[in-house]
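Throughout, protein chains are lettered first and strands after them, A, B, ... in sequence-line order, and every chain is numbered starting at 1.
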Amino acid sequence: MPELPEVETIRRGLEKEVLHKRIIDVQINLPRLIKNLTENQFKTRLTGSFIKTIKRRGKYLLCLLNTKDCLIFHLGMSGLLLYLGKDMRTIPKIKEKHNHLSISFEDASKIIYNDVRQFGKIWLIREGEKLPAIESLGWEPLDDKFTFQIFFDLFRNKKGGIKSQLMNQKYITGVGNIYANEALFQAGIHPQRKSDSLTDQELQKLYFAIKDTLKRAILCDGTTMADESYRNIWGKPGNFAEHILIYGKKNGHCPICGNPLSLIRIENRSTFVCTACQK
DNA sequence: AAAGTAACCTGCCCGC
DNA sequence: TGCGGGCAGGTTACTT
């Protein structure tokens, strides 16, 4: 599910609702999701603290606490963070049996971690402690310091296919299957092109397409496909699906030339291509 | 270095 | 109606 725009939408939502609210209770229903502590250690260290700031790194959410601890979420394929105000018990269409973690605040509101497929991961670390999964992440595509020159140097000598490399979090972080498909289409580049075969002009188009696609998706609060599995913290879907050009359009047609779209698999992920427009 | 496969999970959809 | 296969916004380990 959640790629950079969805995680950023969740981050902004949490920032509005839970900063500086004292945590009074932590309930864990699926201890497996907590990766580096026992259930009790996690509860004990979290209870009584409050979140000071919330950052995002790629698809990770980092909640910095007043105790100098850092609560980290990776939402996997189907993870959701849901905010329930005082007296709210559920959110329509969200199944309670997939609520795996609940953090309650002093004002009787809470956040719930819900995850159908259970691929999500949660850590509680000391601020400054290093998590290898995060240390190895590459560039933030929307960071101003991520210049075209850096992008160019990253990919111009790589022999592999461009789509695989765009999705490789150690080069650029936050781009997943939807936005890789969309950016490559917008740039007119076939996903199986070898990176080192791309011209300067093609790389430039791709660089801007990635930034543009991600920014527009954030403005729409992310992508919720027909299955509605992605929701923001208030349970609302994102609106970027209506701007999606090719991802998920099985048996669909190219919005530019009208030719039928091809569906191929790259590293086991569905990849949509217009072979007329993407060379 | 690159690409394929399977594994981790549950649920839904499709064809038979 | 039911069953099996395939597929789903991700990551990792292991193999070719």
Side-chain angles (χ1 to χ4, degrees), chain A residues 1-10 29-35 56-61 72-81 93-100 113-123 131-138 154-184 191-197 210 213-214 217-218 220-232 237-241 243-251 263-272:
Chain A
M1 169 198 62
E3 305 180 34
L4 187 153
E6 291 75 35
V7 179
E8 178 61 20
T9 301
I10 291 167
N29 302 325
L30 191 61
R32 211 160 34 73
L33 295 182
I34 296 158
K35 294 302 167 184
R56 180 189 55 72
R57 181 78 175 96
K59 303 174 191 174
Y60 292 79
L61 273 176
I72 302 177
F73 294 93
H74 189 291
L75 307 179
M77 286 284 255
S78 53
L80 300 173
L81 279 166
K93 297 197 212 174
I94 303 285
K95 291 188 182 144
E96 280 188 58
K97 69 170 170 176
H98 300 121
N99 290 351
H100 304 312
Y113 181 73
N114 179 289
D115 190 351
V116 172
R117 294 179 68 184
Q118 305 173 17
F119 291 167
K121 295 173 181 173
I122 302 170
W123 299 261
L131 210 59
I134 292 183
E135 291 302 306
S136 62
L137 295 175
L154 263 181
F155 294 106
R156 75 175 156 177
N157 289 323
K158 293 207 162 51
K159 312 232 175 270
I162 184 63
K163 179 174 182 248
S164 307
Q165 294 181 347
L166 281 186
M167 292 176 64
N168 187 331
Q169 304 296 302
K170 76 179 179 199
Y171 301 139
I172 299 178
T173 182
V175 177
N177 202 29
I178 291 183
Y179 299 107
N181 269 277
E182 293 297 300
L184 285 162
Q192 284 171 320
R193 281 281 295 283
K194 304 299 173 200
S195 301
D196 66 0
S197 79
I210 292 165
T213 306
L214 295 174
I218 291 172
C220 291
D221 296 332
T223 302
T224 299
M225 302 298 289
D227 67 3
E228 293 198 58
S229 59
Y230 167 70
R231 317 292 193 83
N232 69 17
N239 300 310
F240 195 67
H243 301 277
I244 291 276
L245 298 174
I246 58 164
Y247 176 80
K249 306 210 185 278
K250 200 179 173 194
N251 303 318
L263 174 53
I264 60 177
R265 290 192 82 76
I266 296 177
E267 288 176 347
N268 226 22
R269 312 302 297 275
S270 288
T271 306
F272 298 82

Rounded interatomic separation in angstrom, taking [atom1] from [X] and [atom2] from [N]:
| X | N | atom1 | atom2 | value |
| --- | --- | --- | --- | --- |
| F272(A) | dC7(C) | CZ | C1' | 11 Å |
| N232(A) | dG9(C) | CG | P | 20 Å |
| N157(A) | dA2(B) | CG | C1' | 15 Å |
| I266(A) | dA3(B) | CD1 | P | 9 Å |
| I264(A) | dG4(B) | CD1 | C1' | 14 Å |
| R32(A) | dC8(B) | CZ | P | 10 Å |
| E228(A) | dG9(C) | CD | P | 17 Å |
| E6(A) | dA8(C) | CD | P | 16 Å |

Please state the [atom1] separation for the pair [N] and [M] - nearest whole angstrom.
| N | M | atom1 | value |
| --- | --- | --- | --- |
| dT5(B) | dC7(C) | P | 12 Å |
| dA1(B) | dG10(C) | P | 24 Å |
| dG5(C) | dA6(B) | P | 14 Å |

So, is [X] close to the [N] phosphate, meaning a side-chain N or O under 4.0 Å from OP1 or OP2?
| X | N | result |
| --- | --- | --- |
| H98(A) | dC9(B) | no |
| K250(A) | dA8(C) | no |
| Q169(A) | dT11(C) | yes |
| R269(A) | dG9(C) | yes |
| R265(A) | dG4(B) | no |
| K121(A) | dT11(C) | no |
| H74(A) | dG10(C) | no |
| N268(A) | dG4(B) | no |

- Item | Aromatic plane relationship, Y60(A) with W123(A) - under 30° parallel, 30 to 60° tilted, over 60° perpendicular | tilted

- How are the rings of Y179(A) and F240(A) set relative to one another: parallel (under 30°), tilted (30 to 60°) or perpendicular (over 60°)? tilted

Which part of the nucleic acid does [X] contact within heavy-atom distance under 4.0 Å: base, sugar-phosphate only, or nothing?
| X | answer |
| --- | --- |
| D227(A) | base |
| Q165(A) | sugar-phosphate |
| K163(A) | nothing |
| K170(A) | nothing |
| Q118(A) | sugar-phosphate |
| G120(A) | nothing |
| K194(A) | sugar-phosphate |

- Item | Ring centroids of Y230(A) and dG9(C) base under 5.5 Å with planes under 30° | no

- Under 5.5 Å between ring centres and under 30° between planes: does that hold for F119(A) against the base of dC8(B)? yes

- Query: Nearest nucleotide by nearest heavy atom, which residue falls closer to the 5' end of DNA chain B, R117(A) or K159(A)?
  - Reply: K159(A)

- DNA chain B: 5'-proximal contact among S164(A) and V116(A) (nearest heavy atom): S164(A)

- Using purine N1 to pyrimidine N3 plus N6-O4 or O6-N4 for Watson-Crick, or N1-O2 and O6-N3 for G-U wobble, each under 3.5 Å, what pairs with dC9(B)? none

- If dC16(B) has a Watson-Crick or G-U wobble mate with both distances under 3.5 Å, name it; if not, just say none. dG2(C)

- Message: Taking atom types as they are modelled, would you say the side chain of S78(A) forms a donor-acceptor pair with the base of dG9(C) within the 3.5 Å cutoff?
- Response: no

- The glycosidic conformation of dG9(C), counting syn as within 90° of 0 and anti otherwise, is syn

- Item | Flag for T213(A)-E182(A): side-chain donor and acceptor within less than 3.5 Å | no

- Task: Could you verify whether a donor N or O on one side chain and an acceptor N or O on the other, from S270(A) and R265(A), lie under 3.5 Å apart?
- Result: yes

- Provide the closest heavy-atom pair for N99(A) versus N29(A) in the form atom of the first, atom of the second, distance. O-ND2, 3.0 Å

- Closest approach of Y230(A) to L80(A) (non-hydrogen atoms, all atoms of both residues): CA-CD2, 4.2 Å

- Item | Close side-chain approach of E6(A) and T223(A), heavy atoms under 4.5 Å | yes

- For T224(A) and N232(A), run side-chain contact (heavy atoms from CB on, under 4.5 Å): C-alpha distance rounded to whole Å, both residues' side-chain angles, the deciding distance at 0.1 Å, then the answer. CA-CA 10 Å; T224(A) 299; N232(A) 69 17; over 6 Å; no

- Message: So if I take every side-chain heavy atom of A133(A) and compare against dC9(B), dA3(B), dT12(C), which nucleotide ends up nearest?
- Response: dT12(C)

